[in-house]
Amino acid sequence: MEQIQSICTLREIVRAFRLLETRLIEQTGVDLNEAMIICALAGESRCSKDLAQCVGLLPAHTSKVLASLETKGLLSRTNAREDRRRVICALTAQGEETLGRLRSLELDFASLREML
């Protein structure tokens with residue numbers, strides 16, 4: 001019986017997480033993975049491998065998130081001078097604006113706790 005309760009609790013956490021991400025997208029235009037990358041780039045350029053490690057995503061998934069941010073005009077990617085295989089990422093002016101919105105974002109965690 002305890003296992004069923006644990007699974008039900010996990011289901012509620014996932015539901016709350018999805019609601020939180022929906023609110024994040026509505027307020028900023030970026031999802032959680034994109035927001036984590038934007039925050040990791042605050043004030044500096046970083047290579048994609050470092051970003052993957054920083055935010056805890058697999059490199060292949062990080063690449064997809066970076067492509068999405070680039071398509072949205074929030075990020076620029078260039079090859080490193082010393083090693084053309086390395087990709088250096090930096091926020092664009094629009095990405096910096098989104099970072100500002102993320103910094104001032106107020107998410108209502110209390111209402112999410114009520115769902116649990």
Side-chain angles (χ1 to χ4, degrees):
M1 187 66 169
E2 284 183 38
Q3 291 177 342
I4 292 172
Q5 184 60 36
S6 297
I7 291 169
C8 292
T9 301
L10 286 173
R11 181 192 68 221
E12 295 304 314
I13 291 170
V14 169
R15 286 181 57 220
F17 183 80
R18 286 183 184 148
L19 179 61
L20 176 66
E21 186 166 37
T22 298
R23 290 179 182 167
L24 178 66
I25 292 167
E26 289 170 353
Q27 294 178 29
T28 65
V30 295
D31 65 25
L32 183 59
N33 289 331
E34 292 169 334
M36 289 189 305
I37 294 286
I38 289 170
C39 290
L41 285 170
E44 63 181 301
S45 298
R46 299 176 84 163
C47 75
S48 57
K49 181 179 177 181
D50 290 345
L51 285 171
Q53 291 174 344
C54 178
V55 299
L57 297 174
L58 295 173
H61 191 73
T62 301
S63 181
K64 290 177 185 177
V65 175
L66 293 175
S68 174
L69 288 169
E70 189 173 34
T71 299
K72 292 178 179 182
L74 304 177
L75 173 104
S76 65
R77 295 191 283 182
T78 57
N79 292 331
R81 290 185 194 139
E82 67 279 357
D83 183 353
R84 306 279 301 157
R85 296 172 295 179
R86 287 184 59 200
V87 176
I88 305 299
C89 303
L91 293 177
T92 63
Q94 189 177 351
E96 292 288 346
E97 289 174 17
T98 301
L99 176 62
R101 284 197 309 274
L102 287 168
R103 285 182 169 151
S104 64
L105 186 64
E106 293 184 27
L107 296 170
D108 183 12
F109 290 102
S111 67
L112 295 177
R113 284 190 195 121
E114 292 172 9
M115 287 183 62
L116 301 174

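Nothing here was measured: the structure is a model prediction, and the numbers come from that model.
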Once you round to the nearest 0.5 Å, how far does [atom1] of [X] lie from [atom2] of [Y]?
X      : Y     : atom1 : atom2 : answer
Ile88  : Leu51 : CD1   : CG    : 9.0 Å
Leu102 : Gln27 : CG    : CD    : 10.0 Å
Ile37  : Leu74 : CD1   : CG    : 12.0 Å
Lys64  : Leu69 : NZ    : CG    : 14.5 Å

Which heavy atom of [X] sits nearest a heavy atom of [Y], and at what distance?
X      : Y     : answer
Leu41  : Cys89 : CD2-O, 3.5 Å
Ser48  : Thr62 : O-CG2, 4.0 Å
Cys54  : Arg46 : SG-NH1, 3.6 Å
Ser76  : Thr92 : N-CG2, 3.9 Å
Arg103 : Ala42 : NH2-CB, 3.5 Å
Cys47  : Arg86 : CB-NH2, 3.4 Å

>> For Asp31, give me all partners under side chain to side chain contact (heavy atoms under 4.5 Å, CB included), at least two apart in sequence or on another chain.
In response: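 Glu21, Ile25, Asn33, Glu34.
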> Hey, which of Val65, Thr28, Leu75, Leu91 is the one that makes side-chain contact (heavy atoms from CB on, under 4.5 Å) with Ile38?
Replying inline: Leu91
> Do the side chains of Leu66 and Glu70 get nearer than 4.5 Å, heavy atoms only?
Replying inline: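 No. Closest side-chain heavy atoms not under 4.5 Å.
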> In chain order, what residues pass the side chain to side chain donor-acceptor pair (under 3.5 Å) check against Glu44, with sequence neighbours excluded?
Replying inline: none
>> Using only atom types and a distance under 3.5 Å, with no angle test, would you say the side chain of Lys72 pairs donor to acceptor with the backbone of Val30?
In response: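 Side chain of Lys72 to backbone of Val30: no pair is present.
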>> Using modelled atom types and a 3.5 Å cut-off, is there a donor and acceptor pairing between side-chain atoms of Thr9 and backbone atoms of Gln5?
In response: yes
>> As a quick check of understanding, evaluate salt bridge (charged side-chain N to carboxylate O under 4.0 Å, His left out) for Glu12 and Arg15, giving each step before the final call.
In response: CA-CA 5 Å; Glu12 295 304 314; Arg15 286 181 57 220; 2.7 Å; yes
